[in-house]
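Report on one structure; see the data block that follows.
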Amino acid sequence: LWQEALGSSGTAGAVSQVLQAAGITDGRITAEALRWCIEQCLAAGDVTRLQLPSLADDRKAIIGGGLCLLYTIVNHFDIKELKPAK
């Protein structure tokens, strides 16, 4: 069982900021919070319509792939929460 898991990628940091800005978590990345982000992307239907709080415009085109990777890692390794590394 993991005692602590850190995400050091730019995507992990960006997702953490989105989750905090949206009031979903305090910045911790969980499977449930990642599902919320993925649902927002799917609902937008296109990156030009994607509205995630605090997400920079230059990240919109790549956030979907990053979310998929983070979601797979969290579930595959049974990580309860991923904290962004500073």
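What you are looking at is a predicted structure, and each value in this text was computed from that prediction instead of being measured.
A salt bridge does not link Asp46 to Arg49: none of the charged side-chain nitrogens sits closer than 4.0 Å to a carboxylate oxygen.
Between Leu55 and Lys60, the closest heavy-atom pair is CD2-CG, 3.9 Å. Minimum heavy-atom separation, Ser16 to Gly27: OG-O, 2.7 Å. Across all non-hydrogen atoms, the minimal contact from Leu6 to Ala85 is CB-CB, 4.3 Å.
Inter-residue side-chain proximity for Glu32 and Thr25 is flagged as unmet; no heavy-atom pair is nearer than 4.5 Å. A heavy-atom distance below 4.5 Å is found between the side chains of Leu19 and Ile29. For the pair Trp36/Leu52, a side-chain contact is recorded, criterion being any heavy-atom separation below 4.5 Å from C-beta on. Proximity of Arg28 to Lys80: side-chain heavy atoms (C-beta onward) are nowhere separated by under 4.5 Å.
Ile63 and Leu42 fall within the same hydrophobic cluster, where Ile, Leu, Val, Met, Phe, Trp and Tyr residues are linked whenever their side-chain heavy atoms come under 4.5 Å apart, directly or through other members.
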- Item | Test side-chain contact (heavy atoms from CB on, under 4.5 Å) applied to Val18 and Gln40, step by step | CA-CA 11 Å; Val18 165; Gln40 301 307 302; over 6 Å; no

- Go through the steps to decide whether Thr30 and Val74 satisfy the test side-chain contact (heavy atoms from CB on, under 4.5 Å), and finish with yes or no. CA-CA 7 Å; Thr30 65; Val74 165; over 6 Å; no

- Task: Dump the intermediate steps for side-chain contact (heavy atoms from CB on, under 4.5 Å) on Val15 and Leu82, then the final yes or no.
- Result: CA-CA 11 Å; Val15 169; Leu82 186 64; over 6 Å; no

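Of the listed residues (Leu70, Ile24, Leu67), just one forms a side-chain contact (heavy atoms from CB on, under 4.5 Å) with Cys37, and that residue is Leu67.
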